[in-house]
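So that the names make sense, note that chain A is the first sequence line, chain B the second, and so on, each numbered from 1. Because the structure is a prediction, the values reported are computed rather than measured.
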2 protein chains.
Amino acid sequence: MPLDHEHPIDAARVADARAQVLERDDAERVAAMLRLLADPVRARIVSALHAVGELCVGDLSLVLDVSDSTVSHALRLLRTAGVVANRRDGRVIYYRLADPAMPAVLEVIARGGDASAGSG
Amino acid sequence: MPLDHEHPIDAARVADARAQVLERDDAERVAAMLRLLADPVRARIVSALHAVGELCVGDLSLVLDVSDSTVSHALRLLRTAGVVANRRDGRVIYYRLADPAMPAVLEVIARGGDASAGSG
DNA sequence: CGCACATCTTCACAGACGTGCAGATGTACA
DNA sequence: TGTACATCTGCACGTCTGTGAAGATGTGCG
């Protein structure tokens, strides 16, 4: 049970934290975004697109060595969320990144918390 | 079905991507880290600790308005992963951030992809 | 010791998630 | 039109995950 809502151990700090903490709705949005990257296949898709600009589904499936069905499922989530965009060239559909925040997140994690200096 | 592994549409780009893409193991690690933040409660815990430095479990439960059991469960995951550390003061246990990458990730997402300018 | 308080843990379960399969859609070309 | 190819979608299933309930652990105090 949450404590009585009446007995914070450090009331000032609690008030301070309450004022600055990510709000419920924002946290939900942030978590939803991060959930997209919290899967190895999707993270690697973002990584691959970040590396070479754009790739079609079949080539992506070759790069990652996973089934095209899996790639397609993953791309659908990313596309719906606005993380990637696509263009069609004949029967081939090329995907590219549409949200610079995603590769940035991967870099921050990979580099261990240093968020300064961009793509090296 | 995956293509034949023999018919990339852009072989050069595939080779290029293969060389630069996040490897399977690394992707697994990155995804595991991000999964920790891909939950509203844990994201808010990181946010709160980032805001005020340290908080005990009970106060955290007040700040977030969730049960202390939920906070404790969440903290265990974060602690096991090295995201937070704690110190004991009597019966009260204070938690603080131990991995600067996590709040950095939250900021990158919140700011929409601008990864420059670090913490503070 | 016994009691109160803060935190942790075990168990159980509903809900979300990732993936393969099979078929559908859409495009190109003859 | 029919075939071949690239991609997408719906369904089903095993697995993972977050949470609450209830009790356990650990600490301080008298």
Response to the item:
A:L34 atom CG is separated from D:dT17 atom C1', nearest whole Å, by 16 Å
Discussion item. Do the side chains of A:E54 and B:R13 get close enough for a salt bridge, i.e. N-O under 4.0 angstrom?
Written reply: no
Practice prompt. Starting at atom CG of A:L37, determine the distance to atom P of C:dC17, rounded to an integer number of angstrom.
Written response: 15 Å
Discussion item. Below the 4.0 Å mark, does D:dA6 have OP1 or OP2 next to a side-chain nitrogen or oxygen of A:Y95?
Written reply: no
Worksheet item: Checking A:D68 side chain against A:G58 main chain: does a donor-acceptor pair fall under 3.5 Å?
Response: no
Worksheet item: Rounded to the Å, how far apart are B:L36 CG and D:dT17 P?
Response: 10 Å
Worksheet item: Nearest-Å distance, CG (A:D68) to P (C:dT25)?
Response: 18 Å
Practice prompt. Kindly state which residues belonging to residues 87-94 of chain B come within less than 4.0 angstrom of DNA chain D, counting heavy atoms of the residue only, listed by number.
Written response: B:R88, B:G90, B:R91
Worksheet entry | Per-nucleotide protein contact string for nucleotides 18-25 of chain D (B base, S sugar-phosphate only, - none; heavy atom under 4.0 Å) | SBBB----
Response to the item:
Hits for side-chain contact (heavy atoms from CB on, under 4.5 Å) against A:A85, two or more places apart or cross-chain, chain-then-number order -> A:R96, A:A98
Fill in: Partners passing side-chain contact (heavy atoms from CB on, under 4.5 Å) against A:A31 (at least two apart in sequence or in another chain)
A:R35, B:P40
Discussion item. Please check: side-chain N/O of B:T70 versus main-chain N/O of B:V66, any donor-acceptor pairing under 3.5 Å?
Written reply: no
Practice prompt. In whole angstrom, give the distance that lies between atom CG of B:D59 and atom C1' of C:dT7.
Written response: 13 Å
Worksheet entry | Where at least one partner belongs to residues 21-30 of chain A, residue pairs that pass side chain to side chain donor-acceptor pair (under 3.5 Å), sequence neighbours excluded | A:D26-A:R29
Response to the item:
Closest non-hydrogen contact found for A:L55 with A:V63 is CD1-CG2, 4.4 Å
Worksheet entry | Of all pairs that satisfy side chain to side chain donor-acceptor pair (under 3.5 Å), the ones with a partner from residues 40-49 of chain A, not counting sequence neighbours | none
Item to complete: Starting from C1' on C:dT25, measure out to CG on A:N86 and report it in whole angstrom.
Response: 15 Å
Item to complete: I would like to know whether A:Y95 and A:V71 meet side chain to side chain contact (heavy atoms under 4.5 Å, CB included); could you show each step before the answer?
Response: CA-CA 11 Å; A:Y95 280 82; A:V71 170; over 6 Å; no
Practice prompt. Round to the nearest Å and state the distance from A:L75 atom CG to D:dT9 atom C1'.
Written response: 14 Å
